Amino acid sequence: MIYQMAAYCRLSKDDGENRISESIENQKKLIFEYVEKSEDLEIADVYTDDGYSGLSFANRPEFQRMMKDICQGKLQGVITKDLSRLGREHIETSNYIERVFPSLGIRYIAILDGVDSLLHSNEELAQFKTLFNDMYSRDISKKIRGALTAQKKRGQFMSGFAPYGYLRDPKDKHHFLPDEEAAKVVRKIFALYLEGYSKDGIAKKLNSEGILPPSQYKRKIQGLNYSNAQEKAAAKGWAYPTIHVILENPVYTGAMVQHKSEKISYKVAKYDSIPREQQYIVEGMHEPIISKDTFAQVQKLRKKRARTPGFHSETRKVNPYAGILVCGDCGYHLQRVTCRDGYECGSYHRKGNTVCHSHFIKKEVLDSIVKKEIQRQVNLTLKESDKKEILKSSDQNKKAEQHCKEAGLRTQRLRGELEKIQKYKKKAYEDYVDTLLEKEEYLFYKAEYEQQEQEIRKKIHQAEHVSECLEERKEGSDHWIKTWMQSGTLSEIPRELMTELIDQILVKGDRSIDIVFSCQSPYPSDKGQR
């Protein structure tokens, strides 16, 4: 009897350093040479899964095609280079060898392992061999995960696609460059949120302006073969979740954020989300799109409840007090009462006076009080005696910002040098293992590289310390200067100013109002009452 055999070949990224010896061409060559020497074998078809893991059978297209041909009676056997080419998962591989193939009358041959189901050769060895292959996959998985973790902790990008607003640097795939067209949209999203738009409101506005959402932008504009598992087939355009993800992502401040999820097992394609505090966040790894001040302001505002007026509203003016105006008695937010052009306690509005009182205040009255209080703060703070110090401080902050940027670039350059030294050290060890270097030579190089590594790490630590100090100094005063200098005169209450200057406005039952400012003069109290 001549057995019509399926020549099955497989290669995955997990094969690492063995890719040459395990190459598809080498597998085919070995199989065909074996069949030519046999009197009862003939190759019916070749099935090749190049780039597929041996831990799963279901996601291999050629393996599934082979099984379909087996079920249709086109094949009488399967032949592979060795057991690992069939699969590396112990239980499922053994199931195919011991149950599936025998039940279908399929002869299985693994050439290098000496397995032939017709002759019952090496059946006991096959059990151990599949177990060893499984252990090999586990070991490889640990090594790959360890290497990826080390690179992620250094701030190197290790995923497939850059986030919306950035491109992967063609000169360094681990680094981001701003995609200016998309970056404009990201800035617009942050600006609209600070103006008082809700996430739904921002999504509707972007859709109305015909702006492509991230997934479509990557495919149509950047030409990427991009797909998002969370993208719904029926959904078109921007939506709440997309806006939410962008607003909470610190990557736009120049930080590299990774390890957001983790595979639960090397055998299962399922991931667990990682809490923010356990993620790998490395600051200053690429050019920021959003300033840290703006990002911090948005995160602060996200914790407050805010609403956007109806999308088709004629005025489209946002409520400047959204999330800021609070009942001084029950702590509930005051809500807009359009028909009376004012605000009243939300709990009273919903449940009546059994819970709280109205606390109603007209918008024009509230506007007047807030304007006067802001103006009073400005007058108290920005006295003539302060102006010289403010201007001087402003100049110092500009210099500090420049020095901060230089320190960040220096840190980035030093990290690149450190990575090179680590590669050299690894190469020296490999040369020693391959007997290209004597032990004394290897130890000499190792000591040299470790000394250089230590010196560079010290310089990185110093540069990071300088950057942190400058950043604290800049944020400590420039934020205050920029805000109050823009508040000298007010004709109306802009939303951006409210969120920048004021944390909370408390309206009490006796109609008294307490305004809690988020920033005040940093100068000593003898320069003006607060």
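Remember, predicted model here, so these are calculated numbers, not experimental data.
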Quiz item: Going through the distances and angles, do F190 and L247 end up as a side chain to side chain contact (heavy atoms under 4.5 Å, CB included)?
Solution: CA-CA 7 Å; F190 276 81; L247 288 175; 4.1 Å; yes

Practice problem: Output yes when a side-chain donor or acceptor of N207 lies under 3.5 Å from a complementary backbone atom of W238, and no otherwise. | Solution: yes

Practice problem: Show the numbers, then the answer: is there a side chain to side chain contact (heavy atoms under 4.5 Å, CB included) between K420 and Q452? | Solution: CA-CA 11 Å; K420 287 181 182 178; Q452 292 178 40; over 6 Å; no

Quiz item: Can you check whether P163 reaches F176 side chain to side chain, under 4.5 Å on heavy atoms?
Solution: yes

Quiz prompt | Single hit among Y166, Y217, Y164 for side chain to side chain donor-acceptor pair (under 3.5 Å) with D179 | solution = Y217

Quiz item: Roughly how far, to the nearest 0.5 Å, is the CE atom of M256 from the NE2 atom of H174?
Solution: 10.0 Å

Exercise. Grab the two heavy atoms, one from E453 and one from L418, that are nearest each other, plus how far apart they are.
Key: CG-CD1, 3.4 Å

Quiz prompt | Within-4.5 Å side-chain heavy-atom neighbours: L366 and L325 | solution = yes

Practice problem: State whether E209 and K205 are salt-bridged, where the test is any N-O pair (Lys NZ or Arg NE/NH1/NH2 against Asp/Glu carboxylate O) under 4.0 Å. | Solution: yes

Self-check item: Side chain E364, main chain G342, donor-acceptor under 3.5 Å
Solution: no

Quiz item: Are D514 and Q504 close enough, and set up right, to give a side chain to side chain contact (heavy atoms under 4.5 Å, CB included), and what steps lead you there?
Solution: CA-CA 8 Å; D514 285 345; Q504 205 173 58; over 6 Å; no

Quiz item: How are the rings of Y321 and Y343 set relative to one another: parallel (under 30°), tilted (30 to 60°) or perpendicular (over 60°)?
Solution: perpendicular

Quiz item: Can you find a heavy atom in the side chain of S347 that is under 4.5 Å from one in the side chain of C327?
Solution: no

Quiz item: Hey, what do you get for CD1 (I289) to CD1 (I189), rounding to the nearest 0.5 Å?
Solution: 10.5 Å

Practice problem: Could you go through the salt bridge (charged side-chain N to carboxylate O under 4.0 Å, His left out) check for K204 and D200 one step at a time? | Solution: CA-CA 6 Å; K204 289 176 181 177; D200 275 328; over 6 Å; no

Practice problem: Compare every heavy atom of G346 with every heavy atom of Y332, then report the nearest pair and how far apart it is. | Solution: CD2-CA, 3.5 Å

Practice problem: Spell out, as yes or no, whether a donor-acceptor pair under 3.5 Å connects the side chain of R168 to the backbone of K173. | Solution: yes

Quiz item: Does the K292 side chain pair with the main chain of G254, one donor and one acceptor, at a distance under 3.5 Å?
Solution: no

Quiz item: Which heavy atom of G331 sits nearest a heavy atom of V326, and at what distance?
Solution: O-CG1, 3.5 Å

Self-check item: Atom pair CD1 (I502) and CD1 (I324), whose distance is rounded to the nearest 0.5 Å
Solution: 6.5 Å

Exercise. Check the pair V298, I290 against side chain to side chain contact (heavy atoms under 4.5 Å, CB included), reporting the backbone distance first and the verdict last.
Key: CA-CA 11 Å; V298 165; I290 301 297; over 6 Å; no

Quiz item: Is there a donor-acceptor pair closer than 3.5 Å between any side-chain N or O of K218 and the backbone N or O of P213?
Solution: no

Quiz item: Tell me, do P214 and V185 make a side-chain contact under 4.5 Å, heavy atoms counted?
Solution: no

Practice problem: Nearest 0.5 Å please: distance from the CZ atom of R187 over to the CG atom of L192. | Solution: 14.0 Å

Quiz prompt | Atom pair CD1/OH of I243 and Y197 - distance to nearest 0.5 Å | solution = 13.0 Å

Quiz item: Does M285 reach the side chain of H175, with side-chain heavy atoms less than 4.5 Å apart?
Solution: no

Quiz item: Does E455 pair with K459 as a salt bridge, N-O distance under 4.0 Å?
Solution: no

Quiz item: Take atom CD in E450; do more than 12 heavy atoms of anything else shown fall under 6.0 Å from it?
Solution: yes

Quiz item: Do L177 and E287 come close enough that some side-chain heavy atom pair is under 4.5 Å?
Solution: no

Exercise. Mind checking the SG-CD spacing from C356 to E344? Nearest 0.5 Å is all I need.
Key: 10.5 Å

Quiz item: Do S56 and S53 have a side chain donor and acceptor closer than 3.5 Å?
Solution: no

Exercise. Return yes if a side-chain donor-acceptor contact under 3.5 Å exists between D329 and H359, otherwise no.
Key: yes

Quiz item: Would the number of heavy atoms belonging to other residues, nucleotides or ligands and lying under 6.0 Å from NZ of K426 be above 12?
Solution: no

Self-check item: Over 12 foreign heavy atoms within 6.0 Å of CZ, F360
Solution: yes

Quiz item: Which heavy atom in L414 sits nearest to a heavy atom in I456, and how many Å separate them?
Solution: O-CG2, 3.5 Å

Exercise. Work out which heavy atom in E89 is nearest to a heavy atom in E92; give both atom names and the distance.
Key: OE1-N, 2.6 Å

Quiz prompt | Heavy-atom check, side chain of V337 versus side chain of C339, under 4.5 Å | solution = yes

Practice problem: Indicate yes or no for a side-chain donor-acceptor contact from Q64 to the backbone of F57 under 3.5 Å, with no hydrogens or angles considered. | Solution: yes

Quiz item: Under 4.0 Å between a Lys/Arg side-chain N and an Asp/Glu carboxylate O for E180 and K184?
Solution: no

Practice problem: Provide the closest heavy-atom pair for T253 versus S291 in the form atom of the first, atom of the second, distance. | Solution: CG2-O, 4.3 Å

Quiz item: Taking the side chain as C-beta and beyond, is there a heavy-atom pair between Y348 and V355 under 4.5 Å?
Solution: no

